[in-house]
Structures are given as C-alpha cells and as structure tokens.
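Okay, so here's the structure we're looking at.
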Amino acid sequence: MFPQKLTDSRAFEIAQALLGGFNRHYRLFRATSATAKQRFERADWHGQQRAQRERIEFYDKRVDEAVGLLEERFKASALPMEVWQQVKLHYIGLLTDHHQPELAETFFNSVCTRILHHAYFHNDFIFVRPAVSTEYIENEEPAAKPTYRAYYPSKPTLHETLCRVVTNFQLDLEFEDLGRDIDWVLHAMQRELGEFRWRTNFQIQVLSSLFYRNKGAYLVGKIINGFTETPFALPILHKEGRSGLLYIDAALFGEDDLLMLFSFARAYFMVDMEVPSAYVQFLRSMMPRKPRAEIYSALGLQKHGKNLFYRDFLYHLRHSSDKFRIAPGIKGMVMLVFDLPSYPFVFKLIKDFFPPQKENTSRELIQHKYLLVKTHDRVGRMADTLEYSNVAFPRQRFDDELLKELKHFCPSLIEESGEDLVLRHVYIERRMVPLNIYLQEATPAQLEHAVIEYGHAIKDLVAANIFPGDMLWKNFGVTRHGKVVFYDYDEIEYLSDCNFRSVPAPRNEEEEMSGEVWYSVGPRDVFPETFGPFLLGHPGVREHFMRHHADLLDAEFWQQHKARIQAGHVHDVFPYDAHKRFYARAASSTPLHPVDGAALMADAHHDLPVQ
C-alpha cells in the first residue's frame, strides 16, 4: 500500500545507506573494468582472468556489507513494513539524476530480499518493475566521454577515418602496420556491403570504450548509410612473438557475428561505462534478437541481468498457459531438470540424494562446480547459468508427473506457500537440443558437422584448462547457431589437476582376458583411450570422429596441453571462425591492393536500390 506520508526519519537514512553501498560497488566495478586497458597493454593475461573472476564476487560482498550495516545501525529485519515502503520512496527520489538507476534498483532488491522473508518478494517493498527511466541518460560533466563517437568520412578519407577510429582509443602500444590492417578491414567491408551509394547520412558510430576479454580488445560500432545499419566489431590482438605490437585480427559484420561475440557461453566483458543503459541500448540496436538481460550479463552486470530475466519470465507466465514438465532427454543422476515448452530455458535443481555411482558427490561440491564455470573463461563452450534462491512459481502450472518427481528427489528444495511453489535453490540455463538427440535426428551432413563441433568444443575446453569429466553426448547441447556447448558440470575439473595416462599393456594372458581393471587407478587418473567404447558405437559418428579428432583418444594430446598450461601459456580461443581471420587467410592469398572509399561506391549511373 502506498504510504500517505513520509513519517519515519529512519527511512531516508536507510535509503542513503543503501545507495551509498551501491555507489561503492559500482565505483569498484568500474575501476576494475577500466584497468583492463592497462592489463591488455602489459599482456597480463593471468591478471586479466583473475580480475574477471574477482569482479564477479564484488556484488555479493557489497550486498553483505550493506545488510550488515543496516542491521547494525537500524535493526533492519525488525522494522515494520511501513518503514520499508517509505525507504523505497526515498530511494526512488535519490535515483532521479543517477547514472545507473536500474542497477541501483537491483541492488536495493538484493539487500531487501536478504533481510525480508520471501513472502514479501512480490509486493511493494522491492522493484518488481523499474521505477526510474533509463532513457537518454548521459554524463554531462565537461570531461566525460560520450557513450559513442560518430565519424563522418568522405569517400577519399574513409581509410584515414578508420585509422583515426582505432587510434582515438589511445592504446599505449604501436600497431605492427595499422594501414595494412585497415586495408584488410576495407576489403572485408567491401565483401559485406558490396557496392552501394554513399548517402547523405553516411557515418560510423563507435562505442567509446573498448571491450576487453581474455587476450583481446574489441572495437564495437555500426555503419549507418541511408536506412541501413550494419553492426561491426574489430578484434585487436598482440602480435605473437613481436612484443609490444598490435594488429587487427578480423572484421566481424552483422548481427550473427555479434551474437557469437556476445554469446551466453562466453566470459563477461570488461568495459568502462559511466552509463551502462546507454551501452545496452546501443548494443540492442545491433542485436535486436538478444534479450537485454543477456546484454547486461555480457557486460559483467549479471545481477541486473538476473533481475531482467526474472521480469521477462513473469511476463511470459502471464501470457502463456502451458505447464512445466520434466525436460525431454535422458534424466540426470544428480540434477532434476524441467522446462516450460513455450520458454527457451531449462530449470535445474540438485537432488537430495544420488545413486551409488555418484557416492562422492555432494550438494556443496556441485554448487562449487557451477561457481567454477561462472567465474572461469567459458570460451563459447560452457553455458552460463542464472542462480536463484527462494523463487515462487504458480503451483497450478506444474504437471502432476513433475510435482511427483520434485517431492521425491528434491523435498528439501521446495516449499508450498498458498498458491505458489517456492524453489529454495534453482539454476536456469538456455535450452539447447541435447547432442545425443540431435545426432539421432541428424542428416548425414548435420551429423558430420555435430561430431566435428563436439571435438572442437572439447579442445576449446582443454585450451581453457577445463576437463569436462563426463564426455558423453548427452552432456552437450546444440545451440541455434549450430555450436556444441557443454552443460553438465558435476564432474568438471581443472585439466591441470588431472593425471592423463595410457592404459598399460597387460603383463600376462590372465590380465589381457580380464573383464576387470588390472592396473592401479588414482582418484584423478584419466585414460583417454577408454573414451572410444562409450562415444563411438555409431559407425558414422566413429568415422567422422576418427578423421577429425582421433587425437582426443591419445593421452599424449592431453599431457602436452596440461604441460603448456602449467608453464603459464594462455591459449587463444577466438569467438569467430578461423576463415574470418585476416592473417590466416592472407597466408594463402595474393597480396591486397589498397582500397579507398571510392572503391566501395557504385557508379553514379547505376540504378541501385536505396538502402
């Protein structure tokens, strides 16, 4: 109920304390993101990965600090609900000219739901809907950078302008040959756009911060010509073996390339943003199919991404009538998985008990594995997860079979509260087609592609120091872009913690004919040659696997990668196909001739459609 008067002086002080906690969080978050530039310039790849991991933990630490402060100063959990209503109104007032109001609202929700019982989650005490608009927020301070810069090249100055676009980021390193790289970019632009008429409004808009992740810095923007907008991104890398020199590795164009770059299966970017909503709005204009929740998460603001996801989910529930069901596919031994057919996500609960073959598994261990994936580089091969506590679902939307399984396998995680079923802990992931099902239904061409992708997925995980543990087809999924992604994490390990061995030769005929393992096996021993019988029963699968990825069955492959990781090497795993890389293509191509703006233009007498 809306309060008639603001009568409690504590309410404003609590609102100020809450906003102070958020401001401290975002100040630290932004500082870590901003220093990604220095780490990139120093080629401090381990420092970059460490900063990415640590930044994920910032939010919960600041929430804990705020909860502790409010309890200490105001005995917050004992305050009457009328005070919390007034706190929210004061908080809204304090956000009027704030540059991150949507994130501050999410912070308010996080603190309040730690203090209040979940019965209050759907009422007036939290921000179920946004209260402060994020439209047209800009930092008006004189020295502030705009969200994006716009460049207006003429036909003869396009090359020069693109050079200036890159150098304006003031990276403290030289490019090996920036003019040559821009020639490559212009050739790629020519292939992408073809010949076109140069319209009056031709411009290049570029976001003011580079996007840093692992060993790359990405320049992100769009080309506007008439009514056509073409998104693009330029990956900037360090030249291998040439210390201190940079080069542009590729030119990515169009929504699909950007969706792969910002995939839910990759680590979060580090971006220096004063007004994150403006960045999200710009990126959404380039990727209209990507939910805002996933864009916020890709920028490292995953807590607000969770908040937006839940709002979208509630909205979908209001406008649908199908029921939650047990997810199709082979049932897991440690996780109960269900979905809503009309919604492209699955919901995963850790079971209360496990079968004998999982006797060394525990709830705490599984949660640790999921946290490992959250904080690790996912290299496009591990699905990100949204983790929720005390989430209320409408009970009537669960089918009877699912309710029965929930009560049997997860009784400690469910609570019936009126018409709601409250899940005390749940993971949510993007729904994919399980790879085992995909292979059963695939055409010959699809089967070959999927097997090749499966091997590439494992090799990308290996490069990121990840051993999946259980490599069965059912633990991988196929995305809408045809990428194979791993999503079953209960047996995941760091590759560097595993001991890869060849199966020793039997010493006698008795050992050779034995159906039992005759050699010693340590707790972290892995025998790659034994993968075959579990994976390669299908003749077609075996043929493609052995042609492209037979090395995965050789212990030496794993040992070599482990040795490189232990030596401190950080592998390159690119979020774009190899054929898009300029230098990979240049190795087998004739030299390029320079391209200027006029070469991209159609003859003025050609009758071309207006773009």
Q | Test side-chain contact (heavy atoms from CB on, under 4.5 Å) applied to H548 and V451, step by step | A | CA-CA 9 Å; H548 297 280; V451 172; over 6 Å; no

Q: Evaluate the criterion side-chain contact (heavy atoms from CB on, under 4.5 Å) for residue pair Q49 and N214; output intermediate values, then yes/no.
A: CA-CA 6 Å; Q49 292 178 340; N214 296 330; 4.0 Å; yes

Q.
Set out, in order, the CA-CA distance, both residues' side-chain angles and the distance that settles side chain to side chain donor-acceptor pair (under 3.5 Å) for S209 and Y279, then state yes or no.
A. CA-CA 10 Å; S209 172; Y279 272 72; 4.7 Å; no

Q: Could you walk me through whether I236 and F169 pass the side-chain contact (heavy atoms from CB on, under 4.5 Å) test, one step at a time?
A: CA-CA 12 Å; I236 301 171; F169 286 100; over 6 Å; no

Q) How far apart are the C-alpha atoms of V275 and Q100, what are their side-chain angles, what is the distance that settles it, and do they pass the side-chain contact (heavy atoms from CB on, under 4.5 Å) test? A) CA-CA 6 Å; V275 184; Q100 306 95 30; 6.0 Å; no

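Y487 contributes no side-chain N or O that, together with a main-chain N or O of R430, makes up a donor-acceptor pair within less than 3.5 Å. Side-chain N or O atoms of N225 include one that pairs as donor or acceptor with a backbone N or O of R197 at under 3.5 Å. H549 places a side-chain N or O within 3.5 Å of a backbone atom of I452 that can act as its donor or acceptor partner. Here the side chain of D272 pairs no donor or acceptor atom with the backbone of S33 at under 3.5 angstrom. Side chain of D460 to backbone of R381: no donor-acceptor contact under 3.5 angstrom is found. Between the side chain of D470 and the backbone N or O of L472 there is at least one donor-acceptor pair closer than 3.5 Å. Under the 3.5 Å distance criterion, the side-chain polar atoms of T385 are left unmatched by any main-chain donor or acceptor of E387. When atom types are taken as modelled, the side chain of R284 and the backbone of K290 share a donor-acceptor pair closer than 3.5 angstrom. Side-chain N or O atoms of E105 include one that pairs as donor or acceptor with a backbone N or O of V132 at under 3.5 Å. Remark: the backbone N or O of V280 is not paired with any side-chain donor or acceptor of R292 at under 3.5 angstrom.
You'll find the ring centres of F313 and F347 inside the 6.0 Å limit. The aromatic ring centroids of F582 and H187 lie 6.0 Å or more from each other. Taking the six-membered ring for Trp and the full ring otherwise, F29 and Y26 have centroids separated by under 6.0 Å. Ring centers of H25 and F58: at least 6.0 Å apart, outside the cut-off.
Between F309 and Y388, the ring planes are tilted. Angles from 30° to 60° get that label. Between F40 and H238, the angle of the ring planes goes over 60°, which puts this pair in the perpendicular group of the 30/60° scheme. Note on ring orientation: taking the six-membered ring where Trp is involved, the planes of Y454 and F476 are perpendicular (angle over 60°, cut-offs 30° and 60°).
Annotation for D97: atom CG does not count as buried by contact number, only 12 or fewer foreign heavy atoms lying within 6.0 Å. Counted within 6.0 Å of CZ on F345, heavy atoms from surrounding residues, nucleotides or ligands total more than 12; the atom is thus considered enclosed. The environment of Y315 atom OH is sparse: at most 12 non-hydrogen atoms of other residues, nucleotides or ligands sit within 6.0 angstrom. Other residues, nucleotides and ligands contribute over 12 non-hydrogen atoms within 6.0 Å of the CZ atom of R289.
When side chains are defined from C-beta on, Y370 counts as touching K348, because their heavy atoms get closer than 4.5 Å. Between H316 and S342 the shortest side-chain heavy-atom distance falls below 4.5 Å. Taking 4.5 Å as the limit, every side-chain heavy atom of K37 sits out of range of all side-chain heavy atoms of L210. Side-chain contact between L186 and M189 is present, with at least one heavy-atom pair separated by less than 4.5 Å. Contact of the E274 side chain with the E141 side chain is not registered, since no non-hydrogen atoms from C-beta on lie closer than 4.5 Å. A 4.5 Å side-chain heavy-atom check between V346 and R431 finds at least one atom pair inside the cut-off. Counting heavy atoms from C-beta on, the side chains of P231 and F282 never come closer than 4.5 Å. Side-chain contact between L314 and Y310 is present, with heavy atoms from C-beta onward closer than 4.5 Å.
Side-chain contact of N23 with H98: a donor-acceptor pair under 3.5 Å is present, judged by distance alone. For the residue pair Y268 / D384, a side-chain donor-acceptor distance below 3.5 Å is found, with atom types taken as modelled. For the residue pair S320/R397, the side-chain donor-acceptor check at 3.5 Å is satisfied.
When F269, Y218, Y576 are each tested for a ring pair (Phe, Tyr, Trp, His ring centres under 6.0 Å) with F262, only one passes: F269.
Distance check: I204 CD1 to K222 NZ gives 13.0 Å after rounding to the nearest 0.5 Å. Distance CG/N168 to CZ/R149: 5.5 Å, rounded to 0.5 Å. With rounding to the nearest 0.5 angstrom, the CG atom of D257 is 13.0 Å from the CZ atom of F232. Separating the OG1 atom in T35 from the CG atom in D44 is a distance of 10.0 Å, to the nearest 0.5 Å. Rounding to the nearest 0.5 Å places CD of Q302 at 11.5 Å from OG1 of T106. Taken from CE in M335 to OH in Y427, the straight-line distance is 6.5 Å, to the nearest 0.5 Å.
Among pairs with a residue in residues 480-491, those fulfilling salt bridge (charged side-chain N to carboxylate O under 4.0 Å, His left out) read K358-D490, K358-E491, E453-K483, at least two apart in sequence or across chains. Every pair passing salt bridge (charged side-chain N to carboxylate O under 4.0 Å, His left out) that includes a residue from residues 297-312 is listed here, sequence neighbours excluded: D60-K303.
The shortest heavy-atom contact between A457 and V484 is CB-O, 3.6 Å. Nearest heavy-atom pair, T228 versus T230, reported as atom, atom and distance to 0.1 Å: CG2-OG1, 4.0 Å. The shortest non-hydrogen separation linking L261 to P575 is CD1-CG, 3.6 Å.
Taking the charged nitrogens against the carboxylate oxygens, D377 and R266 have no contact shorter than 4.0 Å, which rules out a salt bridge.
A cation-pi contact, defined as under 6.0 Å to the ring centre and within 45° of the axis, links K88 to F127. Remark: R581 is positioned above the aromatic ring of F574, its terminal NZ or CZ atom under 6.0 angstrom from the ring centre and at most 45 degrees off the axis.
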